[in-house]
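It should be emphasised that the depicted structure is a prediction, and the values quoted were computed from it without experimental measurement. Keep in mind that the numbers below use all heavy atoms, side chains included, and drop hydrogens, waters and symmetry copies.
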Amino acid sequence: MMLSKVFSGIQTAVLGLGLLALSGAAAADCLTDVKKYRFDKELYNECIREANKTDNAELQYLVALWNFAGVREVDFQTQRNMNGYKHFIHLAAQGGNLDAMSMYVITQYDRDNVENNGKDLNMVKYLNALADDKSPEGILRMLVTKMQIGKFRETVELPELVKLADEPDNLKAKFELARYYQSRVTPVDVRADLISKAYEYYKPIIESKSDDDNVRVMRGQSLWNMYGYYMKARNAEEFARAEPFLKQLAYSGDILAMGEYAVSYDTSRFGILDDSKAYAWAGRALECAKGTIFENEYGSNEFFEKVNKKLSDEERKKGEAELAELRKSVKCISQPKPKRPESEVKAKDPADKKSDAGTKK
């Protein structure tokens, strides 16, 4: 029915829309509405217009991310638009946003050095600005930037990253170091020492009780990454280690994980064949998906009906009882937002010639 992915930080920032941490100084009218209402084309274009008309570098960075990865929402979807991305990432970087400078360097480095014969002055300027930030966050940003570029990857000072990751509260550094170790685990089953090292740094994130949006995103990614690793294992013992990570994701209210967990019971993926549990988890996934982008996605309804048809009356009764228990123990983390009232939709300024920059394909 569905297969998990190891999401990148960029995808997470975009898919989360409101989960990207923005400072109070970055507050914008459109972002206030993004947090309150269902994201749609009108709201998207309002943010585009604001990003073009103001010097709000953090808003410009967010809009750049939307253009880079595309947007998938209930009422609105766009494809990747690299022209729009380059426009807004340039504005955000020029406005002093260090995350935008990092993103610019990561995505443009190879291309611009070929097109401009290695003489992209912006690239030099942004790399210098990143290197000049000696705060713990700045050092981490520079290390992560280097790790994403082939030419610089082997120059990363790993002890420096380890030092940051060993700070008790630096979960972001732990996350990046864990991903560093995991990226070097190929093929599966050969370097168990590296995946163990990755888990050592994922574990504090997974066990964190913080309600901070960014921590919740990293926690989910950490679990998916560990699950994805063990799902590719070649032997049964290693493969079985995937189940606890999926279980934790499912109980956290992750819709995709609930669907995966239902499939695992339907197919005896982890050695337990239980159609009643498959019915319960598929049912809870459908309830949590209602009103979200995941509703009617990935064949969820068809899978639920397939399982339902297999059940005897006694099994269905057991499945309903288990579903009732899941309603108590599994909270839906994706809460549908109300549609924005027409009275709050802002009229487009006829004089704004750049209002839809970044939306054209």
Side-chain angles (χ1 to χ4, degrees), residues 3-15 68-69 99 102-111 113 127 130-131 136-208 214-215 217-246 248-249 256-257 260:
L3 186 63
S4 65
K5 293 182 178 180
V6 180
F7 292 114
S8 70
I10 294 171
Q11 288 170 313
T12 300
V14 176
L15 294 174
F68 182 81
D99 290 325
S102 171
M103 185 81 170
Y104 180 98
V105 172
I106 290 170
T107 56
Q108 304 295 109
Y109 186 85
D110 292 332
R111 179 185 318 164
N113 269 307
L127 280 169
L130 292 170
E137 183 180 357
I139 294 170
L140 177 60
R141 185 186 291 110
M142 187 59 173
L143 289 170
V144 172
T145 302
K146 285 183 175 181
M147 287 193 294
Q148 298 299 319
I149 300 171
K151 180 177 178 179
F152 297 138
R153 191 169 296 128
E154 299 308 318
T155 70
V156 170
E157 293 291 336
L158 193 58
E160 200 169 11
L161 182 55
V162 172
K163 182 180 178 181
L164 289 171
D166 284 343
E167 295 174 0
D169 298 327
N170 200 334
L171 297 182
K172 187 174 180 181
K174 295 183 196 300
F175 180 70
E176 294 298 345
L177 183 57
R179 292 207 303 172
Y180 172 87
Y181 284 128
Q182 186 172 5
S183 70
R184 278 147 179 76
V185 182
T186 54
V188 177
D189 301 337
V190 174
R191 295 296 306 273
D193 59 322
L194 284 179
I195 196 62
S196 296
K197 202 73 176 171
Y199 181 59
E200 176 186 333
Y201 288 99
Y202 280 139
K203 189 176 180 181
I205 302 168
I206 292 171
E207 294 180 346
S208 171
N214 291 302
V215 175
V217 168
M218 287 192 293
R219 185 187 304 132
Q221 277 190 269
S222 300
L223 288 165
W224 276 118
N225 289 357
M226 291 301 298
Y227 171 71
Y229 167 78
Y230 284 116
M231 282 294 290
K232 295 185 290 185
R234 292 190 293 256
N235 67 65
E237 183 180 351
E238 289 283 301
F239 184 85
R241 293 183 182 180
E243 193 271 344
F245 298 107
L246 180 62
Q248 189 168 341
L249 279 163
L256 294 177
E260 286 266 287

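Under a 3.5 Å cut-off, the side chain of K174 and the backbone N or O of E167 do form a donor-acceptor pair. Using a distance-only test at 3.5 Å, with no hydrogens or angles considered, no donor-acceptor pair links the side chain of S208 to the main chain of P204. No side-chain donor-acceptor contact under 3.5 Å links R219 to the backbone of E207. The backbone N or O of N225 sits less than 3.5 Å from a side-chain atom of Q182, completing a donor-acceptor pair.
By the ring pair (Phe, Tyr, Trp, His ring centres under 6.0 Å) test, Y199 pairs with F245, sequence neighbours left out. Applying the ring pair (Phe, Tyr, Trp, His ring centres under 6.0 Å) test to Y181 and every residue at least two apart in sequence or in another chain returns nothing.
For the atom pair OH of Y201 and CG of D166, the computed distance is 4.0 Å after rounding to the nearest 0.5 Å. Note: L127 CG to K146 NZ = 9.0 Å, rounded to the nearest 0.5 Å. For the atom pair Q221 CD and W224 CH2, the distance stands at 12.0 Å (nearest 0.5 Å).
Two residues are said to be in side-chain contact when any heavy atoms from C-beta on lie closer than 4.5 Å; R234 and F239 fail this criterion. With contacts defined as side-chain heavy-atom distances shorter than 4.5 Å, the pair Y230/E243 does not qualify. No side-chain heavy atom of D99 sits under 4.5 Å from any side-chain heavy atom of Y104.
Across all their heavy atoms, G220 and L249 have their closest contact at O-CD2, 3.9 Å.
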